[in-house]
Every structure is written in C-alpha cells, then in structure tokens.
Amino acid sequence: QKEVEQDPGPLSVPEGAIVSLNCTYSNSAFQYFMWYRQYSRKGPELLMYTYSSGNKEDGRFTAQVDKSSKYISLFIRDSQPSDSATYLCAMIRNNNDMRFGAGTRLTVKP
Amino acid sequence: NAGVMQNPRHLVRRRGQEARLRCSPMKGHSHVYWYRQLPEEGLKFMVYLQKENIIDESGMPKERFSAEFPKEGPSILRIQQVVRGDSAAYFCASSPPGGASDTQYFGPGTRLTVL
C-alpha cells in the first residue's frame, strides 16, 4: 500500500465549476500537509499548506485536513482555464522528508 | 532573489555514461532535497542534504546514485553507468535553515533521457 494515495484523473471540468481534489494517507505520523501545482514541464509550486485538522482558505482555494480519517482535500472555486495543471498533495513527518501523491491532472475548459 | 536553479535543463546520455545534475539553492537556503518524477507518477523523495552532510538518503537507490552538497558550490546528484530506467525528471528543492517543513521551493527540474 502506498503511503499517499491520489487519484491521477484526468479530471476535466467546465470553467466556473468547483473542483474537488483528494488524497488519503496511511501513516498517522504525517503532520504537515501541502498542495502543489505543477504546470507541464515545470517544477511544482506551493499552493497551500496546513498543519492541523480543519479548513484553510486562500482566495479561490480551500485546503481541508481530516486527520482522524487520514484524508485531505483541495477545493478550487470558480475554476479558470489557467488552473489547468497537475495538482500534487504532499505531506511531511517531522524529519523534513516529503511524500507526494501521484498528482491529479486537471483541465478546465473555457 | 533568484529561485532554485538547476542545470542542465535537459541531459541526454547513452547507457553506461555518467550523469551529473546540479542544483543551486535559493540564496540563504542550506537544505537541499532531490526528487525523481517518472511519467504519470508523483515525485519520489531521494535524498535530503545540508551543507557537507547527508541527512536522509532513504530514497536513493543503493548503487550508482550519489549526492553531495559541498560547503561551496551547488549540490550535485550523480548517476553512474546510467540505464534506460534512469530516464526521468529530477527535481531539486531547497529550504532555509530552521525553516518550517512546508517551505521547500522547487527548481525547474532536469530532464534526463538515457538512450
């Protein structure tokens, strides 16, 4: 079983839709949870990070963590074509090494 | 403030040759991480280094792969006697000393192709 599970998609939505991206994990030692966005042939860029269970909002993006269920989500409201990218969830234990999900490829169609 | 720099961006090697990938962290960052990304797969952690020290190499293959981060100069990921299965994108990330675990900034990657 992988430490971090993420549906690779692809996911295609119309412009303006609400997008829901999810990851599950198996190791309760993970403490920090991140979402990265990666455009084609580029390095990942940090979008959101959370430490505790609950929600964190930043503009059109909301990150949600449920440690009891070992489940994290990223919601994108009013999705735009420029949001088309691969979204990677990531999480860290307390030793600085990061574990990534496989990434979900998202396409937002105009 | 320049971001994380990686070079070369693209590297082509024949089987059996050596590949050297370089990573210059962001200014003021002393922690470097290397990841490998295969097509349709997520990033796989390889190694975590601080200046002159390997902190965690649990993701490094036991043979042919090595990494260093000298006191001066960039971090180097070295792959000896490359094989076709080494073809991948290799990403480097850096973080500041004592920074929170979320502050890893990624470079643009080096795409290695082994013929």
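First the proteins, then the strands, lettered A, B, ... as listed; each starts at 1.
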Is the closest basic N to carboxylate O distance between [X] and [Y] below 4.0 Å?
X       : Y       : value
B:Lys71 : B:Glu52 : no
A:Arg77 : A:Glu57 : yes
B:Arg64 : B:Asp86 : yes

message: Does A:Leu106 form a side chain to side chain contact (heavy atoms under 4.5 Å, CB included) with A:Tyr87? I'd like the steps, not just the answer.
response: CA-CA 7 Å; A:Leu106 171 68; A:Tyr87 290 81; 3.6 Å; yes
- prompt: For B:Gln37, is it the side chain, the backbone, both or neither that has a heavy atom under 4.5 Å from a heavy atom of chain A?
  reply: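 It is the side chain, since no backbone atom gets that close.
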task: Identify which part of A:Pro44 has an atom lying under 4.5 Å from any heavy atom of chain B, answering side chain, backbone, both or neither.
output: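 Interface part for A:Pro44: both.
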message: Among A:Lys42, A:Gln38, A:Arg41, which residue has the highest count of heavy-atom pairs closer than 4.5 Å to chain B?
response: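 Most pairs with chain B among the choices: A:Arg41.
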